[in-house]
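Owing to the predicted nature of the structure, the values given are computational and were not obtained by experimental measurement. Naming: A, B, ... by sequence-line order, numbering from 1 per chain.
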Number of protein chains: 4
Amino acid sequence: MGKSVNKVILLGNVGKDPEIRATAGGTMVANFSLATTDRVKDQGGNWSDRTEWHNLVAFQRTAEIIRDYVKKGSKLYVEGKIQTRSWDDKQTGEKKYRTEIIINDLSLLSGRGEEGGGGGYTRAASTSSFDQRSSAPTEDYGQSAEITDDDIPF
Amino acid sequence: MGKSVNKVILLGNVGKDPEIRATAGGTMVANFSLATTDRVKDQGGNWSDRTEWHNLVAFQRTAEIIRDYVKKGSKLYVEGKIQTRSWDDKQTGEKKYRTEIIINDLSLLSGRGEEGGGGGYTRAASTSSFDQRSSAPTEDYGQSAEITDDDIPF
Amino acid sequence: MGKSVNKVILLGNVGKDPEIRATAGGTMVANFSLATTDRVKDQGGNWSDRTEWHNLVAFQRTAEIIRDYVKKGSKLYVEGKIQTRSWDDKQTGEKKYRTEIIINDLSLLSGRGEEGGGGGYTRAASTSSFDQRSSAPTEDYGQSAEITDDDIPF
Amino acid sequence: MGKSVNKVILLGNVGKDPEIRATAGGTMVANFSLATTDRVKDQGGNWSDRTEWHNLVAFQRTAEIIRDYVKKGSKLYVEGKIQTRSWDDKQTGEKKYRTEIIINDLSLLSGRGEEGGGGGYTRAASTSSFDQRSSAPTEDYGQSAEITDDDIPF
DNA sequence: TTTT
DNA sequence: TTTT
């Protein structure tokens with residue numbers, strides 16, 4: 001039949017310091033919210049910003065990275081999937097839903113203030129780096145490779 | 001500061017025929033659910049499928065395309081963004097949330113039964129098609145371009 | 001510092017039957033081309049289609065799946081990363097480049113003719129499926145959850 | 001038939017100050033290279049970094065943004081599509097290929113040194129911001145909404 | 001609750 | 001050519 005795809009890409013800012021817990025079974029869990037902001041036209045036709053808050057969840061090793069490096073205000077790139085959990089509210093007996101993004105991969109782009117533009121989580125920087133190409137491809141194409149109006153795709 | 005990113009990519013099957021409406025202001029709206037299925041390990045360590053239902057919403061021209069071509073069972077590729085709306089429940093007075101995917105782009109991959117593997121919505125098939133290259137690039141590289149163990153990135 | 005991201009998403013049709021090989025080291029490799037088609041405005045201001053051919057490469061288990069299920073004409077969803085290899089042309093002594101998409105994940109959306117709209121590679125369909133919700137969320141929200149003009153994000 | 005998809009997502013660092021030109025037809029064009037770095041296992045089984053250089057191209061308004069805000073060292077998030085141009089080399093008569101990423105959308109994440117962690121290109125910050133939800137969803141779910149081992153998707 |  |  002072919003697999004399905006459920007993929008989310010977010011780039012935004014963390015709203016609060018993450019909450020770190022462990023389940024009864026001992027799995028590390030990190031919970032936090034991430035804001036993305038959209039420019040939208042409101043009813044009056046004016047542009048304004050609309051902030052969307054996403055509930056993010058990470059497990060195990062990723063949860064540990066979040067515990068160690070992610071704070072309120074951190075700018076984050078996240079890849080994940082959408083998952084909606086449901087339960088019956090004890091008070092009202094109603095079914096309730098909560099949609100969360102389960103993080104598969106993340107990249108810390110910056111933190112607040114003291115962290116400046118860096119301070120990431122990459123463990124044990126590698127010592128050797130091998131590029132297969134010695135020179136930049138930018139240099140090595142002739143006159144004929146220049147983009148002309150014919151190449152413009154619109 | 002840099003913009004934020006809120007992007008969703010889904011590939012799955014439509015749960016029911018879409019509901020098509022217009023708002024009071026006359027904007028066409030399409031609502032439907034899309035299932036994606038994940039292979040997960042359950043508590044017993046066995047693999048099983050977990051189906052996730054996503055609430056999709058489309059507006060205007062995209063809503064019309066959905067009205068005309070999308071049915072229960074259709075396989076769809078969708079690009080969109082996550083949006084959570086909230087309101088106060090009239091009965092209980094509680095705040096309720098509903099997370100939806102606002103569709104930006106979609107591709108109909110197949111319908112049910114009679115539509116076989118085709119029958120999409122692309123309007124007015126183009127008559128001319130210009131490929132810049134006449135043959136598949138697969139052919140045109142020499143012996144030295146073959147992948148060797150050194151090229152394997154793992 | 002934060003990791004970087006190199007991600008490609010393609011949905012298109014396979015140009016020829018894949019070539020399957022093994023490296024000297026015994027790693028299975030699959031090579032094939034995939035076409036995606038863009039609608040672009042040409043110099044005369046007319047809309048036309050521009051087909052882009054991508055060089056895809058897969059290794060190991062993914063290469064085996066491709067060997068078994070992917071054919072000329074197959075419609076495929078692919079996730080991967082961009083990689084450019086280079087070598088010195090034996091004839092001219094020039095540096096040559098070849099950009100390829102290394103497949104990380106794929107979904108077979110249909111095959112040619114006889115396969116109709118299905119016949120994928122998912123092994124051993126699962127017998128149990130647990131949805132946390134029994135019905136489509138589309139049903140279960142009240143009047144107040146309906147989208148109004150105020151909810152439209154443009 | 002359904003449309004195809006050709007989408008690239010990159011997050012990396014700019015290798016040199018962009019080159020800004022205009023075509024004969026007056027279209028603004030920006031060219032630059034972006035590095036992404038992958039952690040790969042080499043032949044000896046050791047982890048090392050492999051840097052991939054991508055050729056990026058932007059047109060019109062996006063080219064102007066790049067001219068004004070993107071520099072050598074800038075960290076960038078980019079969305080685009082893959083395009084391979086070809087031409088006949090005047091010297092050797094051989095067919096040559098150059099694969100480029102045509103930028104559709106970008107987000108400046110930071111520059112070097114003096115730019116600190118900000119200084120983006122978003123024009124005319126909006127004055128009003130309307131969130132539909134007054135309080136964080138993080139707070140407002142009961143005990144039963146907590147993630148347990150049953151909720152963990154692996 | 002974030003960020004500019 | 002970048003970045004840590």
Can you measure [X] atom [atom1] to [N] atom [atom2] for me and round it to whole angstrom units?
{"X": "Lys16(D)", "N": "dT2(F)", "atom1": "NZ", "atom2": "C1'", "answer": "11 Å"}
{"X": "Asn55(D)", "N": "dT1(F)", "atom1": "CG", "atom2": "C1'", "answer": "11 Å"}
{"X": "Leu34(D)", "N": "dT1(F)", "atom1": "CG", "atom2": "P", "answer": "17 Å"}
{"X": "Leu109(D)", "N": "dT2(E)", "atom1": "CG", "atom2": "P", "answer": "20 Å"}
{"X": "Asn31(A)", "N": "dT2(E)", "atom1": "CG", "atom2": "C1'", "answer": "17 Å"}
{"X": "Leu76(D)", "N": "dT3(F)", "atom1": "CG", "atom2": "P", "answer": "13 Å"}
{"X": "Asp49(D)", "N": "dT1(F)", "atom1": "CG", "atom2": "P", "answer": "19 Å"}
{"X": "Leu11(A)", "N": "dT3(E)", "atom1": "CG", "atom2": "C1'", "answer": "11 Å"}

(Q) Using the side chain to side chain contact (heavy atoms under 4.5 Å, CB included) criterion, which residues pair with Glu94(B)? Sequence neighbours excluded. (A) Asp89(A), Thr92(A), Glu94(A), Lys96(A), Thr92(B)

Q. What about Phe154(B) and Phe59(C), are their ring centers closer than 6.0 Å?
A. yes

Q. With the threshold set at 4.0 Å, does a side-chain nitrogen-carboxylate oxygen contact exist between Asp151(B) and Arg85(C)?
A. yes

(Q) I'd like to know if Glu79(A) and Lys7(C) make a salt bridge, using a cut-off of under 4.0 Å between side-chain N and carboxylate O. (A) yes

**Q.** hbond_proxy Ser4(C) side chain to dT3(F) base (donor-acceptor, 3.5 Å cutoff)
**A.** no

Q: Could you tell me whether the side chain of Thr37(A) has a donor or acceptor atom within less than 3.5 Å of a complementary atom in the base of dT4(E)?
A: no

Q | Proximal nucleotide (of dT2(E), dT1(F), dT3(F)) relative to the Trp53(D) side chain | A | dT1(F)

Q. Of all the choices, dT1(E), dT1(F), dT2(E), which nucleotide is nearest to the side chain of Thr51(A) once you look at every atom?
A. dT2(E)

Q.
Taking only side-chain N and O atoms of Lys72(D), does any of them lie within less than 4.0 angstrom of OP1 or OP2 on dT2(F)?
A. yes

